[in-house]
Chemist: 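The structure is given below, and queries will be raised subsequently.
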Amino acid sequence: MQTNWYGLALSAALILSVAPADAQTAPTPPLGKAPAALELGKPLSPWQTGMLDIHHINTGRGEASFLILPDGTNMLVDASGKTVETPPFSLPTRPDASRPPGEWVARYIARLLPATKARGIDYALISHFHGDHMGAIVADSPRARAGGYRLSGITEIAEHLPILTVIDRAWPDYNYPEPVKGRTVANYRRFLAWQAQNRGLRAERFVPGRNDQLTLRHAPKDYPQFEIRNLYANGTVWSGTGSGSRALFPSLQGMSPKDMPNENKLSIAFRVTYGRFDYFTGGDLSALEDETLSPEQGWKHVETPVALASGPVDAMKANHHGSWDANSAPFLRLLRPRVIVIPSRAEGHPSVNTFKRMTSQATWPGPRDIFITNVSPATFTTTYGVEKAASTQGHVVIRVAPGGASYRVFVLDDTDEAQRVKAVFGPYASQ
Ligand SMILES: [Zn+2]
């Protein structure tokens, strides 16, 4: 459904299956007294203390999410940014090509920060070392004002907003499962070193199993029902008990390069819990990289053990932009999300088979709404049924009510920076 007609979008949301069955019975959440119709066409109302906001920001050129936690602590997950690909493989930059994607992300975040009183980004996570998540460095990438590194994605964002802590999967040696090479990561490491020395930036390695690495920084005692559980990175998954973890990969010593796990399968995954509400995000995790994978390579199907560690969730970010090799049926069956957000960034996102798995009642029974940040005209013709998604263009914001009992989903206009509401869905009752 294209949702440029605000009124049409709202009535469609109420009439079609996108109006969740449980919305009829769910109590009106304390999310502001204005009925949805009054919110349409206006900028999204500011975050308030106690809310959990999860923004999936569409730049057309990669993936970036921004979370505002109940006490105002904030977290950037991936930084969008230039990829080494050019259109038609990448989508056009949103709102337009006048600024690089990292700068658009920084400006988007800057509009949200006053409500939280933060002056910068508390946590910036890089799920894995690919250009569409951290910002690819190419020959003509501009230089930073200081520091001798170049700007794209995370380094571009830091040019506009201070970042307190960066967390990735391989700090400080960048040696797993083998030395992480390339211009983009070399530039990123120069950035971390300079920022640590000159701006007090702290870098950390993400530790699977922990629930005390990503914490509320201001008032944790006010929100005992809030937790971020580190589920997975680098082939290591939370064991489900305490902060324990276990390895999924066999020994990689001496393994031939063609058999090594690819970068996507090393992505950071975590679960956000707020009362009854749960949200899953896992970078570009994937299940299948080759349908002819031999049984001995079954350890590469990392999605299923990660979903087992997570358990069911209310909402999730789709893995790997909804690509054909990710969001397997066993993975979806274990998570059973009511809301799926697909941060698409190229033609074929989401792919026809993945979208079919997500929408099929045979995968798991029950209602679900799918929000896609950006569907290209070509993908409309090849991913059958994609027009039935709850939305196919715009930033997608999940706003969880204080305490976590219910949540709504807002689709925001991505053609300018006003963050205007195009459509509202829910309230959904957290399960
Ligand atoms: Zn990606």
Side-chain angles (χ1 to χ4, degrees), residues 54-66 76-94 100-102 104-105 124-138 152-157 167-170 180 182-185 187-188 206 231-235 261-270 280-290 300 302-303 306 316-328 331 340-351 353-355 358 371-376 379 383 395-396:
I54 307 173
H55 292 253
H56 303 83
I57 304 168
N58 179 39
T59 65
R61 303 303 301 273
E63 183 172 314
S65 311
F66 186 70
L76 173 70
V77 183
D78 288 331
S80 201
K82 198 166 184 164
T83 64
V84 290
E85 302 157 348
T86 50
F89 302 109
S90 275
L91 304 175
T93 306
R94 292 282 180 147
W104 285 127
V105 171
L125 258 80
I126 302 296
S127 69
H128 65 297
F129 302 124
H130 277 162
D132 56 325
H133 296 257
M134 64 190 299
I137 299 299
V138 294
S152 179
I154 185 69
T155 58
E156 180 101 53
I157 291 170
I167 298 180
D168 65 36
R169 68 167 191 82
V180 187
R183 177 153 51 183
T184 294
V185 170
N187 181 76
Y188 167 70
F206 181 89
L231 294 175
Y232 176 87
N234 295 329
N262 66 26
E263 181 65 29
N264 287 345
K265 290 184 193 304
L266 307 170
S267 291
I268 286 172
F270 63 90
F280 174 89
T281 181
D284 280 0
L285 285 179
S286 55
L288 318 155
E289 69 191 43
D290 180 344
K300 288 188 174 172
V302 296
E303 277 189 332
V306 174
M316 65 174 273
K317 180 196 82 67
N319 290 336
H320 199 198
H321 321 283
S323 293
W324 69 276
D325 63 351
N327 312 285
S328 66
F331 172 80
I340 301 177
V341 181
I342 305 178
S344 50
R345 67 152 191 86
E347 303 292 7
H349 291 165
S351 78
N353 57 343
T354 301
F355 192 71
M358 287 178 171
F371 300 85
I372 312 166
T373 56
N374 203 338
V375 177
S376 75
T379 301
T383 297
H395 313 297
V396 178

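First listed ligand is number 1; within each ligand, the first listed atom is number 1.
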Chemist: Does the shortest distance from the Zn ion (ligand 1) to an N/O/S atom of H128 fall below 2.8 Å?
Modeler: no
Chemist: Restricting to N, O or S atoms of D284, which is nearest to the Zn ion (ligand 1)?
Modeler: OD2
Chemist: Any N/O/S atom, side chain or main chain, of E63 closer to the Zn ion (ligand 1) than 2.8 Å?
Modeler: no
Chemist: Checking side-chain polar atoms at under 3.5 Å, does D325 have a donor or acceptor matched by the opposite partner on S323?
Modeler: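 There is no such pair (donor and acceptor under 3.5 Å, judged by atom type) between the side chains of D325 and S323.
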Chemist: Cut-off 3.5 Å, side chains only: do H321 and D132 have a donor facing an acceptor?
Modeler: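 Yes - a donor-acceptor pair under 3.5 Å links their side chains.
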Chemist: Taking the six-membered ring for Trp and the single ring otherwise, decide whether the centroids of H128 and H133 are under 6.0 Å apart.
Modeler: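 Ring centroids of H128 and H133 are less than 6.0 Å from each other.
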Chemist: Does H320 bring an N, O or S atom to within less than 2.8 Å of the Zn ion (ligand 1)?
Modeler: no
Chemist: Can you see whether S286 engages K265 through a side-chain donor-acceptor pair at a distance of less than 3.5 angstrom?
Modeler: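 S286 vs K265: donor-acceptor pair found between side chains.
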Chemist: Check all N, O or S atoms of D132 and name the one closest to the Zn ion (ligand 1).
Modeler: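 The D132 atom nearest to the Zn ion (ligand 1), restricting to N, O or S, is OD2.
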Chemist: Taking the six-membered ring for Trp and the full ring for Phe, Tyr or His, determine whether the centres of F331 and F280 are under 6.0 Å apart.
Modeler: yes
